[in-house]
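Quick note: numbers below take in every heavy atom, side chains included, and nothing from hydrogens, waters or symmetry partners.
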Amino acid sequence: MTPSGLESQVRLRADNRCEYCRMHQSLQGATFHIEHVIPKSRGGETTLSNLAWACPGCNLRKSDRTEATDPRSGEVVPLFNPRNDDWADHFEWHGHELIARSSVAQVTIAALNLNHSRRLRIREAEQMFDLFPPS
């Protein structure tokens, strides 16, 4: 499969949304990235089952991590894995803010800064175009 064919499959599977923060690409000035859920530096492969569609902010903040320290408990917890975890099991919307339903969500929200004020404003703008909340 060609790299562009793989990119197309990843983007379509994600419905043009970041698989971490759920932001839609259509209102963004930057192109979203193909992100290795398990980084190549940790043995992750470039296969459909290990790739996610990610906005630049999530991709850059996640970097090569697969886990982070829970700000409440101090324990090391896995980050949300869009290939293995169901988003709705871990996160819920409270207005434009993401609320954690699990320790996985808690560390992901903190590590990827998912409730940054800029992200909240983007969600408000998405709502005006019927792109928020994501289904």
Side-chain angles (χ1 to χ4, degrees):
M1 176 178 309
T2 66
S4 61
L6 190 57
E7 178 178 334
S8 179
Q9 285 186 358
V10 172
R11 181 179 46 79
L12 289 172
R13 176 180 63 196
D15 195 28
N16 284 312
R17 289 190 178 274
C18 175
E19 294 188 73
Y20 296 97
C21 71
R22 306 295 294 140
M23 188 181 312
H24 198 280
Q25 184 171 332
S26 66
L27 298 180
Q28 302 309 305
T31 302
F32 284 15
H33 304 163
I34 290 184
E35 193 270 326
H36 287 79
V37 178
I38 299 173
K40 289 169 55 173
S41 64
R42 294 185 177 209
E45 298 180 358
T46 305
T47 59
L48 190 59
S49 62
N50 188 45
L51 299 175
W53 197 240
C55 70
C58 286
N59 190 28
L60 294 171
R61 289 190 67 88
K62 180 180 174 285
S63 186
D64 66 346
R65 297 185 289 175
T66 59
E67 57 196 21
T69 303
D70 186 322
R72 293 182 181 168
S73 70
E75 295 180 37
V76 176
V77 177
L79 291 171
F80 175 75
N81 179 327
R83 297 290 63 84
N84 297 333
D85 300 331
D86 185 299
W87 198 90
D89 288 344
H90 296 279
F91 304 94
E92 63 183 79
W93 295 108
H94 187 269
H96 296 109
E97 189 172 334
L98 271 177
I99 304 298
R101 300 180 76 184
S102 68
S103 58
V104 166
Q106 187 67 40
V107 300
T108 303
I109 289 169
L112 278 53
N113 203 8
L114 297 183
N115 285 321
H116 185 278
S117 60
R118 180 180 180 278
R119 290 180 187 268
L120 298 178
R121 287 191 307 272
I122 290 169
R123 292 173 190 147
E124 288 175 18
E126 286 184 344
Q127 192 167 23
M128 292 188 302
F129 292 94
D130 293 324
L131 294 171
F132 184 89
S135 53

What are the two closest non-hydrogen atoms of [X] and [Y], and how far apart are they?
X: Cys21; Y: Leu114; result: CB-CD2, 3.6 Å
X: Cys55; Y: Cys18; result: N-SG, 3.3 Å
X: His116; Y: Arg118; result: ND1-N, 2.9 Å
X: Arg119; Y: Asn113; result: NE-O, 3.1 Å

**Prompt:** Okay, side chain of Asp86, backbone of Ala88: is any donor-acceptor separation there less than 3.5 Å?
**Reply:**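 Yes: the side chain of Asp86 pairs with the backbone of Ala88.
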
**Asked** Do the side chain of Arg13 and the main chain of Leu48 share a donor and acceptor less than 3.5 angstrom apart?
**Response** yes

**Message:** What I'd like to find out is whether the side chain of Leu98 reaches to under 4.5 Å of the side chain of Arg22, using heavy atoms alone.
**Reply:**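 A side-chain contact under 4.5 Å is absent here.
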
**Exceeds 12 heavy-atom contacts within 6.0 angstrom, atom CD of Glu45** = no

**Residues, nucleotides or ligands: over 12 heavy atoms within 6.0 Å of Arg65 CZ** = yes

Does anything in [range] form a salt bridge (charged side-chain N to carboxylate O under 4.0 Å, His left out)? List the pairs, not counting sequence neighbours.
range: residues 25-36; answer: Glu35-Lys62
range: residues 92-111; answer: Glu92-Arg101
range: residues 48-60; answer: none

**Item:** For Ala105, all residues meeting side-chain contact (heavy atoms from CB on, under 4.5 Å), sequence neighbours excluded
**Value:**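 Partners of Ala105 under the side-chain contact (heavy atoms from CB on, under 4.5 Å) test: His90, Phe91, Ala100, Ser102.
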
**Message:** Going by side-chain hydrogen bond (donor to acceptor under 3.5 Å, both in side chains), name the pairs with one or both residues in residues 48-61, residues two or more places apart or in two chains.
**Reply:** Gln25-Trp53, His33-Asn59, Thr47-Ser49

**Request:** Go through Leu27 and Ile122 one step at a time and tell me if the side chain to side chain contact (heavy atoms under 4.5 Å, CB included) criterion holds.
**Result:** CA-CA 8 Å; Leu27 298 180; Ile122 290 169; 5.7 Å; no

Can you list everything that forms a side-chain hydrogen bond (donor to acceptor under 3.5 Å, both in side chains) with [X]? Sequence neighbours excluded, please.
X: Gln28; result: none
X: Arg42; result: Thr66
X: Asp89; result: none
X: Thr69; result: none

Is [X] linked to [Y] within one hydrophobic cluster, defined over Ile, Leu, Val, Met, Phe, Trp and Tyr using a side-chain heavy-atom separation of less than 4.5 Å?
X: Ile99; Y: Leu112; result: no
X: Leu60; Y: Val107; result: no
X: Tyr20; Y: Ile38; result: no

Distance-only donor-acceptor pairs under 3.5 Å for side chains of residues 127-135, two or more places apart:
residue : atom : partner : partner atom : Å
Gln127  : OE1  : His96   : NE2          : 2.6

Which side-chain N or O atoms in residues 74-83 pair as donor and acceptor under 3.5 Å with protein atoms at least two apart or in another chain?
residue : atom : partner : partner atom : Å
Asn81   : OD1  : Arg83   : N            : 2.8
Asn81   : OD1  : Asn84   : N            : 3.2
Arg83   : NH1  : Glu19   : OE1          : 3.1
Arg83   : NH1  : Glu19   : OE2          : 3.4
Arg83   : NH1  : Leu51   : O            : 2.8
Arg83   : NH2  : Glu19   : OE1          : 2.7

**Message:** Run the side chain to side chain contact (heavy atoms under 4.5 Å, CB included) test on Arg17 and Met23 for me, step by step, so that the C-alpha distance in whole Å, both residues' side-chain angles and the decisive distance to 0.1 Å come before the verdict.
**Reply:** CA-CA 5 Å; Arg17 289 190 178 274; Met23 188 181 312; 5.9 Å; no

**Item:** Transitive ILVMFWY cluster of Leu120, excluding itself - 4.5 Å side-chain cut-off
**Value:**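 None; Leu120 is a cluster of one.
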
